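Encoded as structure tokens, the structure appears first; notes follow it.
Computed from a predicted structure; not experimentally measured. Each chain gets a letter, A, B and so on, in the order the sequences are listed, and its residues count up from 1.
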Amino acid sequence: MKQLDKNYSPKDFENRIYADWEKKGYFHAEADKSKKPYCIVIPPPNITGQLHIGHALDNTLQDILIRWKRMQGYSALWLPGTDHASIATEARIVAAMKDEGLTKDDVGRDGFLERAWEWKRVYGGTIVSQLKKLGSSCDWERERFTMDEGCSKAVQKVFIDLYNEGLIYRGERVINWCPNCKTSISDIECEYEEKDGSFWHINYPLSDGSGNIEIATTRPETLLGDTAVAVHPDDNRYKGLIGKTVKLPLMNREIPIVADEYVDKEFGTGAVKITPAHDPNDFEVGIRHALPLINIMDDSAVINENGGKYAGMERYAARKAVVKDLEGEGLLVKTEPHKHNVGGCQRCGTVVEPRASQQWFVSMKELAAPAMEVVRDGRLNWVSKRFENVYMQWMENIRDWCVSRQLWWGHRIPAFYCQNENCGHQIVSAVAPEKCDKCGGIMLQDEDTLDTWFSSALWPFSTLGFPEKTPELEYFYPTSVIVPAYDIIPFWVARMIFSGLKFMNDVPFRDVFIHGLIRDEQGRKMSKSLGNGVDPLDVIDKFGADALRLTMIYGVSQDSDVRWSESKVTSARNFANKLWNAARYVFMNIPDGFDTIKLPDKSKLTIEDKWILSKFNRLIKAVTANLDAYDLGIAAGKVHDFIWNDYCDWYIELTKSRNDAHHVLLFIMERVLKLLHPFMPFITEEIWQSMPHSTGATESIMVASWCEYDEELCFLKEEEDFEKVIEGIRKIRAVRSEKNVPPSKRVPLQIETSEMDLFKSCDVFFEKLAGCIELDIQENIQTSDNCTIIPTSHARFIILTGDLVDREKETARLKNELAKVKKDIDFIGKKLSNEGFITKAPAAQVENERQKLANANDKLKIIESSIKGLE
RNA sequence: GGGAGUUUAGCUCAGCUGGGAGAGCAUCCGCCUUACAAGCGGGGGGUCAUAGGUUCGAGCCCUAUAAUUCCCACCA
């Protein structure tokens, strides 16, 4: 057994302990039929990522659950892995190549992928090693990657199956295009922000020369791709114009005026330019009226050859030029300032350009229905009802998911197209077809890859072996709980649910335990641009991983955001230090030769032993219940408070005058460490390995068994009695402090009480903890002139400070107390004489009030007689 | 435009199905009491956002208002 160092210095043991756990294989979980399964799949961090404070929270919560369940005897698997993060990683590699003066086209697809894999090899492990610093007890033997062979197979199978069922289709739609990332992105990857823009009113001359129709737009450059003007069919202003044509300014193209109910008569001029290739609504209008589609921009949002003389201009340059030219032609009616929401790329922030193109889509309606049903029928439980609503609303309004990306790093779409122009046959297949089975032409694979989230959606089963029917998949699926932040509910949680139901015929997890985000001290989101991020590794370095972990959950309830402040970490570290020193104290009082913790026979237990044992026993029950309900912060708080307040501040102090207390001290220490272990794994292990144990206890706290409530250790009467002693000590201390009696000064104490046995058995505590001497405990005590009287409901404490007592002041103090008690009695009395309360309140409540009244009356008598004694 | 959350001590937050308002930090007072000054003991500090309502009883339930944060939609 090793000695604990004098100082708590987590740096000295956290890494060593983690390596030891890993070496012993404690993190590994098997499909062990003799145990119950418990499984969490990690939200796979991006290989581009550095561990940030959000990961730290996310993984702390998971580690708490996994460690707790492991201790409860489950085969607890925490399955780790990383995400290839197609856009993010590709952007990094493109940037790195740019430094070398190279582009994607220079190195080609294969060359690019080589670089990407190399990048993954070099940097992909960074975040994993950082997770280890945090104490994450993942089964690293089962670590997966979204682009490893198995996950890729799963992706391929899912894509093909969905295609064969008609749930994946290819088509031309207006999608969100990022001109910087040069790829399509899905609707939820587009983030809107309100910006100041302009509303340009433009006259479109009627072809017949009879006048103009005025339209208004926020994106005048799209005029180049207009193929109609739309008005509302019931709009009297324009009824006569429907069916006529206008001459599109600058382009000299004749385009029709069509009637469509999509137009809002009240908004703008009531006439809308229609650009089907660059606006999703216009696209729909275009379909209804069979309008041509004119794409006017290339993949960098530069005007292409369809833009006439504007070709080659960047979109904002084109906008300026178009406005200027319209002005020149006298067609610009006016320019109004206009606030509107502009969509930006989630990854790079570039303003997204809606653009018609051929893309692959997952048809969502059919998949979404069962994903909502499992929530309604309770097969899948959202711990947070608030976020259940978010999920349900999102699912109800779901639209088809654009899954193709014009990127190279990712799962390539297993679709092949016949290159014969007259054929154009399309095959979706796991293996490349030799030739077209219709015309024998050459088949080439789709150049595009899939949305990163497509593979993430399969994570709970692809990591367990799907599409193979592995023992792991059989045993651990459905997983137990998923633990994501609320900001990835649509991206990830929702998609896992419908994917799991579709391909595994069951929910991917039983519970969804959503957590909030960590914000900075001003409540702002942490971000790179603000530079307000907190690096968890710095925190670990300075305070230790245990302190970091406790900081993130202590006093935090479920799904609320956490406001970061270093003072919280300091508090958490101070708690660790407190525990450390308590352990040192307990251990230094173990007699030589003591090797096994064994609780003494019940008859040998003192009242304070029973008090702490009983309190601890109830703590087990409470903490376990809180964990069951995912109230991790509350659970941690209770263990924290027990250790600091009950165990350290009272029990240790109470037992300082005994030499046989090590039994109970160790008994509680051993067990409370177990309750704390899921939250603070390192310090609990370090202390655990420095102490003797009960029989059957193991070499590591990680694999020790969780505490169980024990009926035998329930001593409610002693608990209640001992609280009376504590109350007395507290009151005496308070009065001493109030009267400036120096702590070193011993004062004689008399206790007048009807519970003489109780107080006699506890006399030593008044000496040690309240600085009293010469204890005299009687049923009736005649008070002398210079005493200070301290009444409680159960006793009258009389101290002689030795100084002259100001009798008037003393009387005033007691009268003050008397007034308080009278107020109490009055209050409770009113309640009890209230007809409504007696008849309608629960009986237990009424009984409770009666008890309170009786206590107050006892106290009243005690105070009254004290005052009488003084007068 | 639709929806959700938050509002409790100077700060950060607890407060379970309604039964006399809590913690930590900060502050003030007193202590180096041989586990811990990263500590110990004690104190002060709150018309629980506002206005109504339900109830014997409201921080908690209902309605409205205000402030604040966020999500969704995206009418050009």
What is the distance, to the nearest angstrom, from the NE2 atom on His640(A) to the C1' atom on rA38(B)? 12 Å

Met372(A) side chain near Val375(A) side chain, heavy-atom distance below 4.5 Å: no

Is there a Watson-Crick or G-U wobble partner for rG24(B) with both distances under 3.5 Å, and which nucleotide is it? rC11(B)

When the aromatic ring centroids of Trp382(A) and Tyr391(A) are compared, is their separation below 6.0 Å? yes

With Trp580(A) as partner, the option from Phe575(A), Phe682(A), Phe13(A) fulfilling ring-ring contact (aromatic ring centres under 6.0 Å, His included) is Phe13(A)

How far, in whole Å, is rG43(B) from rC11(B) if one measures between their P atoms? 23 Å

Using whole Å, report how far CG of Asp561(A) lies from C1' of rA14(B). 17 Å

Within this structure, what is the CG-to-C1' distance between Leu666(A) and rA35(B), rounded to whole angstrom? 14 Å

Backbone N/O of Phe387(A) and side chain of Ser384(A): donor-acceptor pair under 3.5 Å: yes

Side chain of Pro842(A) only, heavy atoms from C-beta on: which candidate in rG19(B), rG43(B), rC31(B) is closest? rG19(B)

Can you tell me, in whole Å, how much space there is between the C1' of rG45(B) and that of rC40(B)? 22 Å

For rA14(B), does the base pair up with any side-chain atom of Lys638(A) as donor and acceptor (N or O, under 3.5 Å, distance only)? no

So, OP1 or OP2 of rA14(B): does either fall under 4.0 Å of a side-chain N or O from Ser560(A)? yes

When you compare the ring of Phe827(A) with the six-membered ring of rG20(B)'s base, are the centres less than 5.5 Å apart and the planes under 30° from each other? yes

Does any N or O donor sit under 3.5 Å from an N or O acceptor when you compare the side chain of Glu653(A) with the base of rA35(B)? yes

Quick one: label Ile828(A) by what it contacts on the DNA or RNA (base, sugar-phosphate, nothing), any heavy atom closer than 4.0 Å. base

Expressed as a whole number of Å, how far does the P atom of rA4(B) sit from that of rC62(B)? 12 Å

Write down the partner of rC31(B) under the Watson-Crick or G-U wobble criteria, each distance required to be under 3.5 Å. rG39(B)

Using the closest heavy atom to pick a nucleotide of RNA chain B for each, name whichever of Phe837(A) or Asn740(A) lands nearer the 5' end. Phe837(A)

Would you say rG39(B) has OP1 or OP2 under 4.0 Å from some side-chain N or O of Asn574(A)? yes

rC13(B) C1' sits how many Å from Ile634(A) CD1, rounded? 12 Å

Heavy atoms only, 4.0 Å cut-off, all strands: where does Ser571(A) land among base, sugar-phosphate and nothing? sugar-phosphate

Looking for any heavy atom pair under 4.0 Å, which part of the strands does Ile274(A) touch: base, sugar-phosphate only, or nothing? nothing

If you take the centroid of each ring, where Trp contributes its six-membered ring, are Tyr486(A) and His515(A) closer together than 6.0 Å? no

Side-chain N or O of Lys739(A) versus OP1/OP2 of rG42(B): is the shortest distance under 4.0 Å? no

Ignoring backbone atoms, test whether Lys568(A) places a side-chain nitrogen or oxygen under 4.0 Å from the OP1 or OP2 oxygen of rC25(B). no

rC48(B) pairs with, by Watson-Crick or G-U criteria that keep both distances under 3.5 Å: none

Does Pro280(A) reach a base, just sugar-phosphate, or nothing at all? Heavy atoms under 4.0 Å. nothing

Give none if rU6(B) has no partner; otherwise give the nucleotide forming a Watson-Crick or G-U wobble pair with it, both distances under 3.5 Å. rA67(B)

Give me the distance, rounded to whole Å, that separates rG53(B) from rC71(B) when you measure between the C1' atoms they each carry. 31 Å

Consider the side chain of Glu849(A), meaning its heavy atoms from C-beta on, and name the nucleotide among rG30(B), rG39(B), rG19(B) that approaches it most closely. rG19(B)

Does Arg386(A) get its side chain close enough to the base of rA4(B), under 3.5 Å, for a donor-acceptor pair? no

Starting at the 5' end of RNA chain B and moving along, which residue's nearest nucleotide shows up first, Tyr554(A) or Ile825(A)? Ile825(A)

Nearest-Å distance, CG (Asn389(A)) to C1' (rG3(B))? 9 Å

Heavy atoms only, 4.0 Å cut-off, all strands: where does Asp649(A) land among base, sugar-phosphate and nothing? sugar-phosphate

So what's rG57(B) paired with, Watson-Crick or G-U wobble, going by both distances under 3.5 Å? none

Are Ile612(A) and Phe642(A) close enough, and set up right, to give a side-chain contact (heavy atoms from CB on, under 4.5 Å), and what steps lead you there? CA-CA 9 Å; Ile612(A) 193 78; Phe642(A) 176 86; 3.8 Å; yes

Base, sugar-phosphate, or nothing: which does Trp644(A) touch, judged by heavy atoms less than 4.0 Å apart? sugar-phosphate

Quick one: Lys831(A) NZ to rG18(B) C1', roughly how many Å, whole number? 11 Å

Tell me every residue that passes side-chain hydrogen bond (donor to acceptor under 3.5 Å, both in side chains) with Arg746(A), counting only those two or more places apart in sequence or in another chain. none

Looking across every strand, which nucleic acid part, if any, lies under 4.0 Å from Glu738(A) by heavy atom: base, sugar-phosphate, or nothing? nothing

Does one side chain, of Glu336(A) or His201(A), offer a donor that lies under 3.5 Å from an acceptor on the other? yes

With Asn589(A) via side-chain contact (heavy atoms from CB on, under 4.5 Å) - residues at least two apart: Tyr585(A)

Does Thr570(A) reach a base, just sugar-phosphate, or nothing at all? Heavy atoms under 4.0 Å. nothing

If only side-chain N and O atoms count, and only distance matters, is there a donor-acceptor pair under 3.5 Å linking Lys195(A) with Asn341(A)? no

Is the closest basic N to carboxylate O distance between Lys265(A) and Asp235(A) below 4.0 Å? no

Applying side-chain hydrogen bond (donor to acceptor under 3.5 Å, both in side chains), name anything that partners Asp628(A), two or more places apart in sequence or on another chain. none

Distances for protein N or O near nucleotides 9-11 of chain B N or O, under 3.5 Å:
none

Write down the distance between CH2 (Trp394(A)) and C1' (rC72(B)), rounded to a whole number of angstrom. 11 Å

Between side-chain atoms of residues 819-831 of chain A and protein atoms elsewhere (two or more places apart, or another chain), which donor-acceptor pairs fall under 3.5 Å?
unit_1: Lys831(A); atom_1: NZ; unit_2: Glu849(A); atom_2: OE2; d: 3.4

Give Tyr8(A) one of three labels, base, sugar-phosphate or nothing, depending on what nucleic acid heavy atoms sit under 4.0 Å from its own. base

Interatomic distance where CD belongs to Glu388(A) and C1' belongs to rG3(B) [whole Å]: 15 Å

So which protein N/O to nucleotides 74-76 of chain B N/O distances come out below 3.5 Å?
unit_1: rC74(B); atom_1: OP1; unit_2: Arg399(A); atom_2: NH1; d: 2.9
unit_1: rC74(B); atom_1: OP1; unit_2: Arg399(A); atom_2: NH2; d: 3.1
unit_1: rC74(B); atom_1: O2; unit_2: Asn341(A); atom_2: ND2; d: 3.4
unit_1: rC74(B); atom_1: N3; unit_2: Asn341(A); atom_2: ND2; d: 2.6
unit_1: rC74(B); atom_1: N4; unit_2: Asn341(A); atom_2: ND2; d: 3.4
unit_1: rC75(B); atom_1: OP2; unit_2: Asn281(A); atom_2: ND2; d: 2.0
unit_1: rC75(B); atom_1: O2; unit_2: Asp264(A); atom_2: OD2; d: 3.0
unit_1: rC75(B); atom_1: N3; unit_2: Asp264(A); atom_2: OD2; d: 2.7
unit_1: rA76(B); atom_1: O3'; unit_2: Thr218(A); atom_2: OG1; d: 3.2
unit_1: rA76(B); atom_1: N6; unit_2: Asp264(A); atom_2: O; d: 2.9
unit_1: rA76(B); atom_1: N6; unit_2: Phe267(A); atom_2: O; d: 2.7
unit_1: rA76(B); atom_1: N1; unit_2: Asp264(A); atom_2: N; d: 3.3

